[in-house]
Q: 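I have a structure here, written as structure tokens, and I will follow up with some questions on it.
Values below: every heavy atom of this structure, side chains too, minus hydrogens, waters and symmetry copies. Position 1 is the first residue of the sequence; numbering continues from there.
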Amino acid sequence: MAKTRSMTKNQNHDHVASSSTRKRIASCDKSDGAPWSDLDHHLLFLVMMQLGVIDFVAFSGVCKSWRSLALDNWKIFMASRPPMLLWISDRSYKKECYLEDFEGRKFKTILPRSAGRICVGITCGYLILFGWKTKDFRLVNPITRHELHFPCFPYNARTNLKEVRGILVFSPLVSGWAFVMLHRFTYQVWFSIAGTGAWNHVSSTFPFFDLVAFKGKIYTLNVGCRLCEMRLNPEPKLTLLQTKDFPKVVMLCPEFVSLDENLCVMYRGLGGSYKVYKLDFEEMKWMSSENTLGECAFFINDLKYSAVIKPELWVDHESQYMRYAYFHDTIDKSRKGGCQLWYFPCDCMNVNL
């Protein structure tokens, strides 16, 4: 059994480094040698790229110089790390959270202000926690513990929380975060700008399946394989896009995924196999990705937040890829009293370290 390590509860992430590490830095600063903050950044980069996700966050809090290096290479580092298995307890008064990496190391944290909440999804590295009684949403990053709060939701989302889909996007026009969500098979997409304390929505004549933020734009997938673009500003608007060549087959659990920086739709066929189609934006035509899927790993979440990833992007990808089967479903079925899902470091963006 891998040893479980507790993550820091300190909200000031400039002080993530342990006291022992700080003592070593202080003693180095007082010696005749150069301080750790002056170490060559090329060497530090090589060391940093060998760290795990949790250690990377600690690395970024050692000093200003190391923090700058970590922030400058945030996307490169996160893209090189495979998904982590995440488990959250269902205790109403204390939400324990475990993250397990490919090496089998487990990291434990307690999600702040999570009493009476249930996890309904994940977006940009944030867990989406819904208040069962308060009907509000609190987004929490389990690694950095950064939080975003969105007010009481006007629609009755408690009818089937497994059908809730939400994404976090940054709106340049208001210079703030927006939480966009829908309830599958309904006709509205709702959104709330952080700090406004209000919800707004747009409607469609076709029920929704899914939504995604892709290259600065928001897209929705509607019944009948209809693709729409959603704009929040200056006026909320939903525009139907004309696409062609999407297969007319029975699709189970269709959802958006990204593959090689392409917008894709993944669905499960009647035989249980997964199919992926990508959109050619120049011709607005859907194309099969079957020829490229042999090099990919599928991480399937029960909460319908899945991913298709090429393991060649990971550090030491060959040994890590061989550890798992080709299709990855939520594992460890023996663990009771909580929910499990895949946590994707590569999806983290603009996290407040």
Side-chain angles (χ1 to χ4, degrees), residues 5-84 86 97 99 101 103 105-113 122-127 138-149 168-172 174-178 194-195 216 313-316 343-353:
R5 174 176 139 191
S6 295
M7 289 189 292
T8 178
K9 297 181 181 180
N10 195 328
Q11 291 295 330
N12 186 345
H13 298 289
D14 283 333
H15 301 280
V16 172
S18 65
S19 58
S20 60
T21 302
R22 295 186 176 281
K23 290 179 180 179
R24 290 196 299 269
I25 295 175
S27 62
C28 184
D29 289 341
K30 295 177 181 178
S31 65
D32 294 334
W36 284 27
S37 59
D38 291 343
L39 289 179
D40 181 76
H41 273 207
H42 294 289
L43 175 61
L44 280 177
F45 177 82
L46 296 177
V47 174
M48 182 186 69
M49 293 303 294
Q50 300 303 314
L51 300 176
V53 174
I54 310 301
D55 294 328
F56 173 77
V57 176
F59 175 95
S60 68
V62 171
C63 61
K64 291 183 178 180
S65 177
W66 290 23
R67 176 184 176 87
S68 176
L69 178 66
L71 293 179
D72 289 344
N73 295 279
W74 174 269
K75 291 184 178 181
I76 296 176
F77 178 87
M78 290 300 178
S80 69
R81 292 303 178 273
M84 305 173 74
L86 184 144
C97 177
L99 281 164
D101 61 18
E103 285 72 38
R105 297 178 298 177
K106 294 182 179 179
F107 308 92
K108 175 184 176 182
T109 187
I110 295 178
L111 303 177
R113 287 176 287 278
I122 185 171
T123 176
C124 301
Y126 288 79
L127 302 180
R138 188 173 293 277
L139 276 58
V140 182
N141 188 294
I143 298 177
T144 68
R145 298 168 62 85
H146 183 252
E147 299 179 71
L148 292 167
H149 179 258
L168 184 65
V169 297
F170 187 82
S171 177
V174 298
S175 298
W177 291 101
L313 302 176
W314 305 338
V315 174
D316 191 23
Y343 185 84
F344 306 105
C346 57
D347 284 345
C348 296
M349 64 179 185
N350 297 328
V351 176
N352 180 10
L353 289 177

Q: With a 4.5 Å cut-off on side-chain heavy atoms, are Asn73 and Met49 touching?
A: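 A side-chain contact under 4.5 Å is absent here.
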
Q: Side-chain contact test, heavy atoms from C-beta onward, threshold under 4.5 Å: evaluate it for Phe107 versus Ile143 and give yes or no.
A: no

Q: Search all heavy atoms of Thr109 against all heavy atoms of Pro142 and return the closest pair with its distance.
A: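 Here Thr109 and Pro142 meet closest at CG2-O, 3.5 Å.
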
Q: Working to the nearest 0.5 Å, report the span between CD1 of Ile122 and OH of Tyr343.
A: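 Result: 6.0 Å between the selected atoms.
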
Q: Roughly how far, to the nearest 0.5 Å, is OG1 of Thr123 from CG of Asn141?
A: 11.0 Å

Q: Taking ring-ring contact (aromatic ring centres under 6.0 Å, His included) as the definition, give me every residue that meets it alongside Phe77, ordered by chain and number, with sequence neighbours left out.
A: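 For Phe77, the residues satisfying ring-ring contact (aromatic ring centres under 6.0 Å, His included) (neighbours in sequence not counted) are Phe56.
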
Q: Minimum heavy-atom separation for Cys124 to Leu168, with atom names?
A: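 That closest heavy-atom pairing would be SG-O, 3.4 Å.
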
Q: Which atom names give the shortest non-hydrogen contact between Pro112 and Glu147, and what distance separates them?
A: CG-OE2, 3.5 Å

Q: Of all the heavy-atom pairs spanning Met78 and Pro345, show the shortest one and how long it is.
A: CB-O, 3.2 Å

Q: Could you give the distance from CG (Leu127) to SG (Cys97), rounded to the nearest 0.5 Å?
A: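 Spacing of CG (Leu127) from SG (Cys97) equals 5.5 Å.
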
Q: Testing the basics here: between Ala70 and Met48, what is the closest heavy-atom pair and its distance to 0.1 Å?
A: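 Ala70 and Met48 have their closest heavy atoms at CA-SD, 4.0 Å.
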
Q: State, with a plain yes or no, whether a side-chain heavy atom of Ser60 is found less than 4.5 Å away from one of Leu71.
A: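 Contact flag for Ser60/Leu71 side chains = no.
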
Q: Can you check whether Val53 reaches Leu99 side chain to side chain, under 4.5 Å on heavy atoms?
A: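 Not in contact.
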
